[in-house]
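Down below is the structure, laid out as structure tokens.
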Number of protein chains: 2
Amino acid sequence: MTKIKNMEEFAALSGISRPTVSKYFHDPDSVRPTTRARIEEALEQFDYRPNIYAVNQNRKLTKNVGIVVPYLADPFFAEIARYLEQSCIAAGYRTSLFSSHGEQKLENEILDSLQSMKPAGVLLAPLGRISDRSAIEKFCANVPTVLFDSNLDGLGAAFIGSDNFSFVSQTVEYMVRTGEPPSFFEMRTPANPNANKRRKAYVEVMERLGFEPHIIKVDGTGWAFEEIGHKGALKVLKERELRTASVLCSNDRLAIGFLAACYEQGIRVGRKDDCTLRVASNDDHPFAKFTCPSLTTAAHDYDNVAGRSVETLFELIESGGKFSSRTETLFPARLVLRDSS
Amino acid sequence: MTKIKNMEEFAALSGISRPTVSKYFHDPDSVRPTTRARIEEALEQFDYRPNIYAVNQNRKLTKNVGIVVPYLADPFFAEIARYLEQSCIAAGYRTSLFSSHGEQKLENEILDSLQSMKPAGVLLAPLGRISDRSAIEKFCANVPTVLFDSNLDGLGAAFIGSDNFSFVSQTVEYMVRTGEPPSFFEMRTPANPNANKRRKAYVEVMERLGFEPHIIKVDGTGWAFEEIGHKGALKVLKERELRTASVLCSNDRLAIGFLAACYEQGIRVGRKDDCTLRVASNDDHPFAKFTCPSLTTAAHDYDNVAGRSVETLFELIESGGKFSSRTETLFPARLVLRDSS
DNA sequence: TACTATTTTTAACGCGCGTAAAGTTTTTAT
DNA sequence: ATAAAAACTTTACGCGCGTTAAAAATAGTA
């Protein structure tokens, strides 16, 4: 099997002219079936692939899609990224995956490097509160961008995420219905804007149900939520800050830490008779099934959020990178009952 | 601020000739300090960046490094990937991160697409047992590759990983020393070659200590280890397959499932008086600190494995992509005592 | 069979940058 | 100060492919 150097050479070997071969690689359906067959025959025989750098040098539409998540060590984002990747590849795009690792500086660097890749579009889950708004704004002005998971008002051509109110109302109502109204356990300065919406939803739902909201804010910054939840829970338990035997954690990773602390303190969590505390949470983290006890939580509609995100991005790309107006799409949660509440 | 189209234009604006500017971007130290200053001055004023596609079209050394891990939804790999990424970027390389998601087909596709990126080098943690050996062999013949985490005999220019014997000998000896000799809990057909080495080490250490090895193999394929560990543990507990009150799991993710099953069955795990079972494991997964009880485990030397991997890759690149002989570097484990054993 | 519509071929230019050769300027060493 | 070395400028070609315009070939139609 000879080594093919370039398209010229491959075209010669396949007996088709180079411009036609070029056209074929751009869209196999754009050439006559017979010539397509001849090219593909040669392709099997000689294993040639166009030089991606030469290709992208000239094209406007790079056929590259950038995917940026705030923290890849969180399996939640790893799972979403996986889905996004596969959808993009299925649609004929190449994919570049980046994690901001919780740092603004890195997020900015990623956007910078992404911009020089001239991607057809970008799926961006921003850091949130600590994002550099002006940097993202600038980026979105130059690159067709769909925001997901974490909304930044007005930025990007569209936002797709989860309906935080739906999350919290379901968990709160469930806990109230089957036990006591929960306290709300969260970080004092949450990185993610969803956290703020969840707190607000908690207050609203509690008041509507006629209970006094009780919010517990724990210290700690960064993305080591389990650690923060764990430390915070130890303090909460020691100082008996809970007003009822019921806690709703802002997110599952905090809850994982919370449950670990309960276990250490010998506090039985769950709805069985011998349990003295009920814990629920939001997200349905991949590990929520394996906490002790397993975690009752409101699940993201992963598939729809990811699916709609790529759909929207493709629409955006086909619209030439601009929408007439920015849309926000929110998917409701699904309550997952397990043992912790 | 005017928009610069190409290097020609930027060179004119900075008052330096294009070849010199080109040289600067290749290596800023290769030009005279005064001209470097002038270029960087212009750079701040005009914000120009060379077109990466045009650059890579001609260069032999792409300054790209590919990073491939078998399963990114495992935070262990996410953490390693993060470290590798940062080291590469610090060394002036661009980085492309891929996850095989546990599928051979995907691993092959990634290698394929990676090859057409003509990277300076690749850091590859292969799937292991289900890897397509011939595909990887072919790849390694064309691209300077360093294997890490999971060894494939003879493939790649070097391998850097953990010393599985060190892991298991430490955990087994600890458990024997402070309690009973453990059974070994693993998957029947482990995806990862480390699993086989761990089993062998277990047998060897047990025999040396004068105990009969007892291996429990649970069914299940794929990368959902927690689920497999959970299901397997329920069966083991129900059918009383344990010979002692002591279990060593092949890896932490299995252990997470095992502990969840114990909790559900009301079995107290740990070394306290009221505990009836001790569980230990290997890896020091990021979540091992938050299991219930927290997991005693042998920790990977993350930093050294990752650090040495990039070092080795850079050496490889500088050696022109070939080493005179393939080296295997193994780092020992560090026993992390927590509550489960 | 002749005519039209579609596709392919030929020929040639451009993209943005790497790189090489030859000549000029600046720096360093003596 | 002068020669040698180093860095820079000018000029020009090449990389592999996108793309276009005009000519040629093929397919479809009546």
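Excluded from the calculations below are hydrogen atoms, water molecules and symmetry mates; all remaining heavy atoms, backbone and side chain alike, are included. Per chain, numbering begins at 1; letters A, B, ... match sequence-line order.
- Atom CZ of A/F10 and atom P of D/dC17 are 11 Å apart (whole Å).
- Closest-nucleotide positions on DNA chain C for A/K23 and B/R49 were compared, and the one nearer the 5' end corresponds to A/K23.
- Closest approach to the A/V55 side chain among D/dG18, C/dG16, C/dC17 is made by D/dG18 (side chain taken as heavy atoms from C-beta onward).
- For B/Y48 and C/dC17, the shortest distance from a side-chain N or O to OP1 or OP2 is below 4.0 Å.
- One interatomic measurement links the two molecules: CD1 of A/I39 to P of C/dT7, which rounds to 14 Å at whole-angstrom precision.
- For the pair A/M7 CE and C/dC15 P, the interatomic distance rounds to 19 Å; values are reported in whole Å.
- Of the candidates D/dG16, C/dC17, C/dT9, the closest approach to any side-chain atom of A/P19 belongs to C/dT9.
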Take A/E85 and B/H101, measure what side chain to side chain donor-acceptor pair (under 3.5 Å) needs, and give me the verdict at the end. CA-CA 11 Å; A/E85 254 187 3; B/H101 298 310; 3.2 Å; yes
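- Look at A/T35 and you'll find a side-chain N or O under 4.0 angstrom from OP1 or OP2 of C/dT8.
- Following rounding to the nearest Å, A/R38 (CZ) and D/dT26 (P) show an atom-to-atom distance of 10 Å.
- Across B/G121 and B/I317, no two heavy atoms sit closer than the pair N-CD1, 4.2 Å.
- The distance from atom CD1 of B/I16 to atom C1' of C/dT26 is 13 Å, rounded to the nearest whole Å.
- For the OP1/OP2 pair of C/dT9 and a distance below 4.0 Å, the side-chain nitrogens and oxygens of A/T20 include at least one atom meeting the criterion.
- The shortest distance between side-chain heavy atoms of A/H300 and A/I80 does not fall below 4.5 Å.
- Taking the six-membered ring for Trp and the full ring otherwise, the centers of B/F76 and B/Y302 sit less than 6.0 Å from each other.
- In terms of phosphate contacts, B/S22 brings a side-chain nitrogen or oxygen within less than 4.0 Å of OP1 or OP2 of C/dG18.
- An OP1 or OP2 oxygen of D/dA7 is reached within less than 4.0 angstrom by no side-chain nitrogen or oxygen of B/Y24.
- Among all heavy-atom pairs drawn from B/S116 and A/Y53, the shortest one is O-CE1, 4.3 Å.
- The residue among A/R18 and A/T34 whose nearest nucleotide of DNA chain C is located toward the 5' end is A/T34.
- A straight line from OH of A/Y53 to P of C/dG16 spans 18 Å, rounded to a whole angstrom.
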